[in-house]
Amino acid sequence: MRFINKTKTLFLLAIALTFSVTSNAAEIVRLATTTSTYHSGLLGFLLPEFKKDTGYDVQVMAAGTGKALKMGENGDVDVVMTHAPNAEAAFVQKGFGVQPRAFMYNDFVLVGPKNDPAAVRGSKDITDALKNVAMANAEFVSRGDDSGTHKKELLLWKASGSEPSFSQYKAIGQGMGPTLTMANELLGYTLTDRGTWLAYQSKLDLVVLVEGDSRLFNPYQVILINPDRYPDLNSKGVRALSDWLVDKRAQSLIDSYKVNGQQLFVADAG
């Protein structure tokens with residue numbers, strides 16, 4: 001009799017554990033996003049508030065935009081949060097993503113060494129500045145990782161009429177944090193989103209040299225993965241996240257997030 005009771009108990013425990021795992025899985029939203037939202041600390045600030053409001057946990061996979069969108073294409077995540085408008089438009093047009101929503105922006109800046117060997121300080125034209133960096137054969141560290149920042153950088157090089165093929169150009173295939181760190185070690189230039197720059201600047205000897213060009217505008221979107229392609233996605237959870245990000249509470253939180261007294265992102269839903 002004791003054996004039967006023990007067996008029954010173990011069986012019920014197994015069912016309970018299975019239900020617990022299933023229940024927890026239903027409460028997890030898998031998010032592929034850019035390293036800028038992660039390294040800047042923004043997600044660490046926002047997502048606990050999202051869980052308080054909705055009960056959903058968010059599993060974050062931070063990568064470059066290209067890799068984040070590829071995870072979405074493969075159905076490995078429920079939602080993507082990226083900042084490469086052309087790539088995002090193609091992603092939606094091909095049927096991988098639905099309901100793209102703009103919800104915030106920041107901008108890109110060109111940072112470099114204080115002695116500024118390429119003499120670009122204060123330029124309001126980012127393409128002229130990049131042309132000067134190439135002509136001076138100055139150290140330039142590129143993410144080289146198919147991220148939104150890397151895609152923007154390549155567009156700007158193309159617009160400048162200069163190829164990033166000079167000998168001191170280094171594409172390292174890393175996120176924004178490591179790229180800034182290497183640029184600092186080499187006393188070189190790099191293009192960075194302002195959010196990650198503000199989060200890292202106290203650790204670096206680099207300075208902002210070029211900012212304010214309208215071509216440096218950097219919008220972010222949240223895009224749901226198409227449930228018609230992948231019916232097992234957490235559609236309910238991702239809609240909760242998407243709705244929450246564009247709601248007044250989250251928009252206020254985004255505007256309030258600061259590092260060293262400086263605002264990193266600007267809420268821009270709608």
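In this text the structure is predicted, and so the values were computed from the model without any measurement. For this chain, numbers begin at 1 and follow the sequence in order.
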For [Y], does its backbone N or O pair with a side-chain atom of [X] as donor and acceptor, under 3.5 Å?
{"X": "D107", "Y": "G212", "value": "no"}
{"X": "K152", "Y": "R215", "value": "yes"}
{"X": "D78", "Y": "R30", "value": "yes"}

May I ask whether [X] and [Y] are part of the same hydrophobic cluster, defined by side-chain heavy atoms of I, L, V, M, F, W, Y residues being less than 4.5 angstrom apart, directly or through others?
{"X": "V238", "Y": "L46", "value": "yes"}
{"X": "V77", "Y": "I223", "value": "yes"}
{"X": "L209", "Y": "F166", "value": "yes"}
{"X": "V259", "Y": "V266", "value": "no"}
{"X": "L241", "Y": "L253", "value": "yes"}

Is the shortest heavy-atom distance from the side chain of [X] to the side chain of [Y] under 4.5 Å?
{"X": "E211", "Y": "L110", "result": "no"}
{"X": "E163", "Y": "K158", "result": "no"}
{"X": "P85", "Y": "P219", "result": "yes"}

ring-ring contact (aromatic ring centres under 6.0 Å, His included): pairs with one or both residues in residues 248-270, sequence neighbours excluded
F45-Y257, Y220-F265
Indicate whether the side chain of [X] and that of [Y] have a donor and an acceptor atom separated by less than 3.5 Å.
{"X": "S167", "Y": "N137", "value": "yes"}
{"X": "S36", "Y": "S40", "value": "no"}
{"X": "Q99", "Y": "R239", "value": "yes"}
{"X": "T179", "Y": "Q174", "value": "no"}
{"X": "Y189", "Y": "D116", "value": "yes"}

Around atom [atom1] of [X], are there more than 12 heavy atoms from other residues, nucleotides or ligands closer than 6.0 Å?
{"X": "K67", "atom1": "NZ", "answer": "no"}
{"X": "Y38", "atom1": "OH", "answer": "no"}
{"X": "M182", "atom1": "CE", "answer": "no"}

Under the ring pair (Phe, Tyr, Trp, His ring centres under 6.0 Å) test, residues paired with F217 that sit two or more places apart:
Y105
Kindly confirm or rule out a cation-pi arrangement of R229 over F96, judged by NZ or CZ under 6.0 Å from the six-membered ring centre and within 45° of its axis?
yes
Residue list, side-chain hydrogen bond (donor to acceptor under 3.5 Å, both in side chains) with D145, at least two apart or on another chain
R143, S147
Evaluate the ring pair (Phe, Tyr, Trp, His ring centres under 6.0 Å) criterion for residues W244 and F103: first the C-alpha distance (whole Å), next the side-chain angles of each, then the deciding distance (0.1 Å), finally the verdict.
CA-CA 10 Å; W244 187 83; F103 70 102; 9.9 Å; no
Report the relative orientation of the aromatic rings in Y56 and F50; use parallel for angles under 30°, tilted for 30 to 60°, perpendicular for over 60°.
parallel
So, for V210 and V120, which heavy atoms are closest and what is the spacing to 0.1 Å?
CG2-O, 3.5 Å
What pair of heavy atoms forms the shortest contact from S242 to R101, and how long is it?
OG-NH1, 2.9 Å
Go through the steps for E73 and K94 under the test salt bridge (Lys or Arg N to Asp or Glu O under 4.0 Å), then give the verdict.
CA-CA 9 Å; E73 287 182 17; K94 290 175 183 176; 5.4 Å; no
Could you go through D193 and N218, starting from their C-alpha distance and side-chain angles, then the distance that decides it, and tell me whether this counts as side chain to side chain donor-acceptor pair (under 3.5 Å)?
CA-CA 8 Å; D193 67 282; N218 183 30; 5.4 Å; no
Do W197 and F108 make the cut of ring centroids closer than 6.0 angstrom?
no
